[in-house]
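Sequence lines set the chain letters: A, B, ... in the order given, protein chains first and strands last, and positions in each chain run from 1. In this text the structure is predicted, and so the values were computed from the model without any measurement.
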Amino acid sequence: MSSFDENDAFESASLSARAMAARPMPYLDDLNPAQREAVERLDGPVLMLAGAGTGKTKALTTRIAHLLSTGRARPNEILAVTFTNKAAREMKERVGRLLGQPAEGMPWLGTFHSICVKLLRRHAELAGLKSNFTILDTDDQLRLLKQLVQAANIDDKRWPARMLAGIIDDWKNRALTPDKVPAADAGAYNNKGVDLYAQYQTRLRELNAVDFGDLLLHMVTIFRTHPDVLEQYQRWFRYILVDEYQDTNIAQYLWLRLLAGGHKNICCVGDDDQSIYGWRGAEVGNILRFEKDFPGAHVVRLEQNYRSTPHILAAASNVIRGNESRLGKELWTDKPEGEKVRLIGHWDAEEEARWICEEIDAMRSGTRGMRPFELNEIAIMVRATHQMKVLEDRFLKIGMPYRVIGGVPFYRRLEIRDAIAYFRVVVSPDNDLAFERIVNTPKRSLGEKAQQTIQRTARDHGVSLLQGARIAAEQGLIKGKGGAALRELVDGLARWNAMTRGPRIEIDDDSVIDNGAEPARYGDPEVSHIELAQIILDESGYTESYLKPLSDEELKLDPSPPRRPRDHEAAGRLENLKELVNHLGEFENLQGFLEHVSLVMDNEQDNDEPKVSIMTLHAAKGLEFPAVFLPGWEDGLFPSQRSMDETGLKGLEEERRLAYVGITRAEEVCTISFASNRLIFSGDFKGWQSMLPSRFIDELPEDHVEVLTPPGLYGGGHSAPGIETHAAQANVYNSPGWKRMQARQGQYGMSQPRESRNTVIDATAVASFALGERVFHQKFGYGEVIAIEGDKVEVAFEKAGTKKVVARFLSAKDDVPF
DNA sequence: GCACATCGGTGGCGC
DNA sequence: ACCGATGTGC
């Protein structure tokens with residue numbers, strides 16, 4: 001211990017002497033007092049509590065620049081961890097800008113996973129792996145687990161492999177190796193979870209592979225069992241910085257705590273109010289506990305917000321105030337008031353979508369008493385992906401350009417994954433999982449039986465699947481068409497593999513290491529990896545499989561015609577493949593590319609035409625837009641019922657943080673909306689369900705909210721009867737919040753419908769319906785009550801058929817509103 | 001082995 | 001409603 005301190009003292013003395021002579025630090029003048037403190041307090045544990053839009057990245061990057069320019073650390077002695085590659089890229093770029101030079105020399109600025117890959121490749125043997133291990137993605141992982149589940153004779157119906165994958169991920173997130181799984185979890189997956197977990201780990205080791213969870217888990221295990229290795233890194237990483245600390249899971253937390261264990265120069269940046277990944281293993285407790293974990297920790301609060309107007313901040317603050325477990329923070333801004341948060345209710349999601357589109361059009365032309373907005377300044381954020389469909393339908397219908405942020409990522413698409421599997425087999429011929437994927441893709445008449453033969457041959461000879469396939473093909477174990485196709489595939493793979501290296505140049509006897517991990521030892525390839533990729537895809541017949549086979553007649557007419565894609569979808573897939581090949585240019589070789597795709601999960605952005613962005617609230621984190629729409633604020637959808645059922649108050653609090661994230665994305669205008677009716681699918685109940693406005697709406701502070709008047713229900717103007725119907729219907733909401741809203745409506749000149757007192761059936765009035773009574777429903781018309789269950793009534797409607805509806809939306813036939 | 005029908009399950013999504 | 005996994009008939 002003491003030798004550490006001496007060492008540190010010596011180093012910092014000499015370095016700060018160097019720093020004294022160094023230039024002034026103009027970047028510090030750019031900071032507010034809190035940010036400045038977060039930057040200048042370099043030693044010891046620091047928790048930077050950074051609210052939304054408070055200049056967190058600025059503080060973090062300036063801190064790195066400060067560490068460097070004061071000479072406290074060299075670039076490669078700083079460990080800076082983020083969650084996403086995007087965040088890592090942004091940080092690199094900003095540090096570079098601050099320093100006035102590219103931050104190339106920061107090899108340890110990256111995601112948890114990419115840094116762990118680097119470390120694990122260095123120490124692979126300590127985890128029973130070779131340094132060229134492959135990283136399995138979720139699909140590979142699932143396929144492997146399925147095999148194990150089947151081998152264990154478990155009914156995959158009752159005990160889906162997916163479930164097992166989830167359980168294992170959870171254990172890995174908690175840094176539990178199979179032998180450490182607590183007794184309380186022994187019953188998992190029909191009592192076989194732990195055993196299968198152990199088998200899975202063994203299998204991974206045999207395959208020289210790891211999954212994402214292993215990257216952290218292996219490193220934590222290595223650090224724990226090899227103090228010498230740990231000490232080496234504790235000394236090397238003089239300063240540690242962590243972004244989005246509220247999103248760390250237990251394994252990441254342990255990893256950090258181990259590394260910071262020596263000098264404790266760790267600066268964690270985060271916002272407990274934006275912890276929204278609990279379902280993925282994130283422990284908001286990590287950030288809440290920081291001061292206990294690191295005694296003497298200094299906490300800096302960044303509370304000045306540079307993004308949103310006071311109304312928006314007030315709304316967000318009031319909502320998040322409902323959470324119990326918080327470190328507590330109050331955002332403020334010196335921006336002018338601006339618009340109040342706008343609130344509006346609709347009949348159903350379709351009308352909600354229609355209204356949003358109309359509103360966007362109005363905002364675009366500046367007819368809302370606000371400045372005109374560009375489409376790319378506007379975003380719609382939903383709780384669940386299925387909410388996107390109705391929005392997209394509407395956008396397509398009226399031809400408004402939009403983009404979905406965070407859709408199916410490019411490389412997760414079928415054709416991309418297939419192509420990548422080809423590359424993997426070519427680069428690592430013993431990658432069995434990738435081989436399995438491509439052996440009969442495209443179809444080579446190598447079905448279940450043929451593949452079993454290959455598996456058996458490989459096992460009998462103790463070799464990889466590809467080797468086994470070669471042997472099986474040579475020995476004629478696979479007959480007919482399949483056999484010929486297999487031989488062709490095996491030959492092709494060997495040929496392409498040779499091309500990854502080009503002509504071999506002997507430097508001297510022991511510098512030629514043929515482990516595939518040292519391509520630099522070899523001479524220039526004859527073909528670039530880009531050309532090679534094209535060759536692989538073409539010669540394997542893969543691209544061909546998306547081309548339309550010509551009929552015999554067409555062949556007669558023209559023996560060498562240009563092939564056309566089979567259909568619209570195939571055309572898209574070919575486009576994607578082309579894009580993939582182009583994308584390869586950014587990498588030095590196929591290996592580099594494959595490493596990248598293992599770790600990268602960003603979606604490509606397309607062209608530059610201004611578009612409205614649609615995304616989930618999760619995808620919205622870290623983004624900001626001048627105008628934000630937040631539709632679907634209904635209890636059950638948001639907050640999500642499932643989330644609340646599963647984790648109770650904890651779940652509700654996470655939902656509330658999601659609401660907070662949503663509101664704080666908005667810079668100028670934030671519009672929240674809800675629908676009264678929604679089509680739902682749950683269990684045996686499919687159909688329309690009446691929805692109550694989200695409880696979060698009740699938590700909006702009334703002084704900062706403006707209730708908008710919905711347009712006519714049936715497309716009419718402001719005097720159409722529909723509007724009254726709608727308002728009357730909206731009136732039934734019983735929450736205090738809604739009552740406040742309602743009161744305010746009067747204030748804004750929209751009188752309460754005269755009939756409302758008569759037409760609206762209060763929730764307490766359910767009992768007043770009798771079997772056989774004739775009733776009216778605003779959407780379904782007249783009908784007769786045929787059953788009553790609690791607050792739901794089954795009605796045989798004259799036109800709409802039999803439906804279960806919530807009693808509140810029915811009126812006795814005498815009270816019809818118009 | 002492949003094309004089509006049926007069944008079940010269904011949240012958010014990073015590396 | 002819709003996707004993916006499985007089952008069925010050719």
Quiz item: Across the strands shown, which category fits A:E646 at heavy-atom distances under 4.0 angstrom: base, sugar-phosphate, nothing?
Solution: base

Practice problem: For A:S325, enumerate each residue passing the side-chain hydrogen bond (donor to acceptor under 3.5 Å, both in side chains) test, keeping only those at least two apart in sequence or located in another chain. | Solution: A:E653

Self-check item: N-O pairing of A:K621 and A:E244 below 4.0 Å
Solution: yes

Quiz prompt | Residue whose nearest DNA chain B nucleotide is more 5′ - A:S640 or A:L215 | solution = A:S640

Quiz item: Tell me: OH of A:Y245 to P of B:dG14, nearest whole Å?
Solution: 22 Å

Self-check item: Counterpart residues, salt bridge (Lys or Arg N to Asp or Glu O under 4.0 Å), relative to A:K389 (two or more places apart)
Solution: A:D393

Practice problem: Tell me, please, whether A:Y277 has A:R280 positioned over its six-membered ring: NZ or CZ under 6.0 Å from the ring centre and within 45 degrees of its axis? | Solution: yes

Self-check item: Any residue of residues 651-661 of chain A with a heavy atom less than 4.0 Å from an atom of DNA chain B
Solution: none

Quiz item: Starting at NE2 of A:H386 and ending at P of B:dC13, how long is that distance when rounded to a whole Å?
Solution: 12 Å

Quiz item: Counting any heavy atom closer than 4.0 Å, what does A:F212 reach on the DNA or RNA strands: base, sugar-phosphate only, or nothing?
Solution: base

Quiz item: Can A:W279 be called stacked on B:dG11 when the rule is centres closer than 5.5 Å and an angle between planes below 30°?
Solution: no

Self-check item: Counterpart residues, side chain to side chain contact (heavy atoms under 4.5 Å, CB included), relative to A:K650 (two or more places apart)
Solution: A:T647

Self-check item: Listed nucleotide nearest any side-chain atom of A:R642, set B:dG12, B:dT10, B:dG14
Solution: B:dT10

Quiz item: In whole angstrom, what separates A:N85's CG from B:dC13's P?
Solution: 17 Å

Exercise. Please list, chain by chain and in numerical order, all residues satisfying side chain to side chain contact (heavy atoms under 4.5 Å, CB included) with A:S275, sequence neighbours excluded.
Key: A:Q246, A:V284, A:R657

Quiz item: Once you round it to whole Å, what is the distance between P of B:dG8 and CH2 of A:W159?
Solution: 18 Å

Exercise. Tell me whether the OP1 or OP2 atom of B:dC13 has a side-chain N or O from A:T616 closer than 4.0 Å.
Key: yes

Taking N or O atoms only and anything under 3.5 Å, show me the protein contacts with nucleotides 3-9 of chain C, one pair per line.
none

Identify all pairs in which a protein N or O lies below 3.5 Å from an N or O of nucleotides 1-5 of chain B, and state each distance.
residue: B:dG1; atom: OP1; partner: A:G447; partner atom: N; Å: 3.0
residue: B:dG1; atom: OP2; partner: A:E448; partner atom: N; Å: 3.3

Quiz item: Can you tell me how far P of B:dG11 sits from NZ of A:K621, to the nearest Å?
Solution: 22 Å

Quiz item: With sequence neighbours excluded, what pairs up with A:A127 under the side chain to side chain contact (heavy atoms under 4.5 Å, CB included) test?
Solution: A:L120, A:L129, A:H218, A:I222

Self-check item: Residues in side-chain hydrogen bond (donor to acceptor under 3.5 Å, both in side chains) contact with A:S643, at least two apart in sequence or another chain
Solution: A:E655

Practice problem: Report the distance from atom NZ of A:K86 to atom P of B:dG14, rounded to the nearest whole Å. | Solution: 10 Å

Self-check item: For A:Q387, all residues meeting side-chain hydrogen bond (donor to acceptor under 3.5 Å, both in side chains), sequence neighbours excluded
Solution: none

Practice problem: State which residues pass salt bridge (Lys or Arg N to Asp or Glu O under 4.0 Å) with A:R121; sequence neighbours excluded, sorted by chain then number. | Solution: A:E595

Exercise. Hey, could you give me the CD1/CZ distance between A:I438 and A:R417, rounded to the nearest 0.5 Å?
Key: 13.5 Å

Quiz item: Starting at CE of A:M163 and ending at P of B:dT10, how long is that distance when rounded to a whole Å?
Solution: 9 Å

Quiz item: How many Å lie between OH on A:Y277 and C1' on B:dG11, as a whole number?
Solution: 12 Å

Quiz prompt | Counterpart residues, side chain to side chain contact (heavy atoms under 4.5 Å, CB included), relative to A:E436 (two or more places apart) | solution = A:R143, A:Q147, A:L433, A:Q455, A:L465

